Amino acid sequence: MPELPEVEHAVRLLRRAVRGRTIAHAELRHPSLARRLPPAVLASLAGARIADVTRRGKHQLIALADGRTLRAHFRMTGDWLVLRAGEEPPRFARAVFELDDGRRLVLEDSRALATLDVHPAGAPPALDLGPEPADPALTPEYLRARFARRRGPIKPALLDQRVIAGLGNIYAAEALWRARIGPRVRASSLSRPRLAALIAAIRAVIGRATGARYTEIGAARLAVYDREGLKCRRCGTPIRRIVQAGRSTYYCPACQRR
DNA sequence: GGTCGCCTGGTA
DNA sequence: TACCAGGCGACC
């Protein structure tokens, strides 16, 4: 379940598995998805050839040869499975796409918060996302401008996808720790050098979105996330947990400056 | 800006 | 039984 590297991993898997294939049949297995995709739209996916799979932020964009875009967002627990012909979809299969070669592409999502949308040809999704972490357009000057009128703390601001696309709760906390910036510091108060350090930290923790999954990175590599009460890897002070904008924030109260 | 709701599960 | 969960949009 995904932050940007996990989504990138999923996109690569998906591209390799389904590009060039045609959807033979599409089926939804949860009412919250059915609410988004009317039966007629779902039925219209049959016969569509998959031209390519790309990513923008945490959105997966499945380009269909007829010009439409099938957009998938994993939210908290979504993932793709590719089943060989005859394999049974698992308990948490929320959408099943049967392909022309008999394999089935399954959206697996225990919490059922993931979304699927179909965008008509000629009307690609308008996502209103900021630059990707790896985008050279992500500069201290850019962040200065975006944060200038924000009164609130930096941590929730980093989760705003309109500012930076793809940063999630874990890596926002990790990046702030690396840059030694306290999560409650006002976004607008950060100087250019500190923003430069923050950008470098974001790139370091996200990696190059090489597709390493959180579970494969292993919790041992994380500096603060989910480490409440454990010693800061830099200074030994116990890590603290607070709640900001309804999300957990983990940080070191000693070496992350206020 | 903050809080809640969406859903359902895993874990203390 | 209660709390927590990697996201995000609606609402105040």
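Keep in mind the model is a prediction, meaning the values are calculated, not measured. Letters A, B, ... are given to chains in the order of the sequence lines, protein chains preceding strands, and every chain is numbered from 1.
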Do the side-chain N or O atoms of [X] get closer than 4.0 angstrom to the phosphate oxygens (OP1, OP2) of [N]?
X         : N      : result
Arg111(A) : dC6(B) : no
Lys58(A)  : dC8(C) : yes
Arg247(A) : dG6(C) : yes
Arg241(A) : dC3(C) : no
Gln244(A) : dG2(B) : no
Tyr225(A) : dG6(C) : yes
His30(A)  : dT8(B) : yes
His73(A)  : dG7(C) : no

Nearest to the side chain of [X], which nucleotide is it out of [options]?
X         : options                : answer
Phe92(A)  : dG9(B), dG6(C), dC8(C) : dG9(B)
Asn169(A) : dT8(B), dG6(C), dG2(B) : dG6(C)
Ser248(A) : dG7(C), dC4(C), dG9(B) : dC4(C)

Classify [X] by what it touches in the nucleic acid, base, sugar-phosphate, or nothing, heavy-atom distance under 4.0 Å.
X         : result
Arg162(A) : nothing
Tyr250(A) : sugar-phosphate
Arg149(A) : nothing
Arg35(A)  : sugar-phosphate

Verify the neighbour count for atom CZ of Arg241(A): are there more than 12 heavy atoms of other residues, nucleotides or ligands below 6.0 Å? yes
Step through the shown structure and confirm whether more than 12 heavy atoms of other residues, nucleotides or ligands are within 6.0 Å of CZ on Arg184(A). no
For the aromatic rings, using the six-membered ring if either is Trp, is the centroid distance between Trp177(A) and Tyr225(A) under 6.0 Å? no
Looking only at side-chain N and O atoms, does Arg71(A) offer a donor or acceptor that is under 3.5 Å from a partner on His119(A)? yes
Under 3.5 Å on both distances, the Watson-Crick or G-U partner of dG6(C): none
Strand partner of dG1(B), provided both Watson-Crick or wobble distances fall under 3.5 Å: dC12(C)
Is there a side-chain contact between Glu228(A) and Tyr250(A) (heavy atoms, below 4.5 Å)? yes
